[in-house]
Amino acid sequence: MRHLGRSHPRPWRFHEPSTKTDVVRETMRMEGNADEWVARHEEVQRLLSADRRSFRALAEARCAKDSRLLGAAYRMRDGIWLWYRGQRLTPEEAQRESHANAAAEFEALTEDGFSQQEAWEMTLGIVEGESFCSPTRSAYDSQGVVNLGSQAFMKTCYLESSLADIRKVDRVLRGEFSSCPRCRLTYIIEYSAMSYASGKSIVDRSRSAIIITPGRVVPSGAKPQYNAALHYGMIHSWQATPWMLI
């Protein structure tokens, strides 16, 4: 999970933590140490990546153009988990992503007592010498999972939220990027949208998943009707269209 300069923002209202560090700390406080948190995260990712059809989705995010699945929320023993497909990255984005991740790992290693030289050789020194993908092709950022919160929290999101407020054009975006495997359009699956839809599914006891079409990621200024939308990204600025409840 990364921050909004290039990528993934983090949870939204109802006193939710606003950064990945906050999320990890809160999860560690509630559920155990960091190793347990990572192990559970990897376990859920393996389960949902390998055999999602064995689990009933509460809510699904689908491409507005061809209805391909982009992400879905599932009820697990420790809350509601969002699985998302991942996004296509240009070669330049893939390179920035790799450097950003290496920089974060470098900082963590130095905080853990490694010398700067040792940390450099294990992180930034490696990616600096890598050759990245061909400029004629796009890399595909791997799928992932996020714990959205408890079932009770989902109900609260649905019962106490204003749909107009959480869909407004100038909303603050917090979520995960996902690209359609067919048309390759990129969307942002917002935590607020999936929490609202999951809560609706739980409260209404829906037999089928609640469907949303996430907001599309578009270059800043590309759609005049969304001029009020917030801008993100330092190099290639972008905005997101409003998401829709189907």
Are the side chain of D66 and the backbone N or O of R68 linked by a donor-acceptor pair below 3.5 Å?
yes
Keeping T156 on the side-chain end and A152 on the backbone end, is there a donor-acceptor pair under 3.5 Å?
yes
Do any N or O atoms from the side chain of S178 and from the backbone of Y84 form a donor-acceptor pair under 3.5 angstrom?
no
Whether S201 side chain and A197 backbone form a donor-acceptor pair below 3.5 Å
no
Heavy-atom check, side chain of S49 versus side chain of W83, under 4.5 Å:
yes
Is any side-chain heavy atom of W243 less than 4.5 Å from a side-chain heavy atom of I166?
yes
Do E118 side-chain atoms and S115 backbone N/O form a donor-acceptor pair below 3.5 Å?
yes
Inspect the contact between E43 and R40 and indicate whether a charged nitrogen and a carboxylate oxygen are less than 4.0 angstrom apart.
yes
When you compare the side chain of L48 with that of Y74, does any pair of heavy atoms fall below 4.5 Å?
yes
Got a donor-acceptor contact below 3.5 angstrom from the Y158 side chain to the D204 backbone?
no
Would you indicate whether the side-chain heavy atoms of R182 and K65 approach each other to under 4.5 Å?
no
Counting distance only, does the side-chain N/O of E60 pair as donor-acceptor with the main-chain N or O of L69 below 3.5 Å?
no
Quick one: does Q239's side chain have a donor or acceptor within less than 3.5 Å of a partner on A229's backbone?
yes
Would you say that more than 12 heavy atoms from the other residues, nucleotides or ligands in this model lie under 6.0 Å from the CD of Q225, or not?
yes
Is it true that, when you exclude F55 itself, more than 12 heavy atoms of the residues, nucleotides or ligands shown sit nearer than 6.0 Å to its CZ?
yes
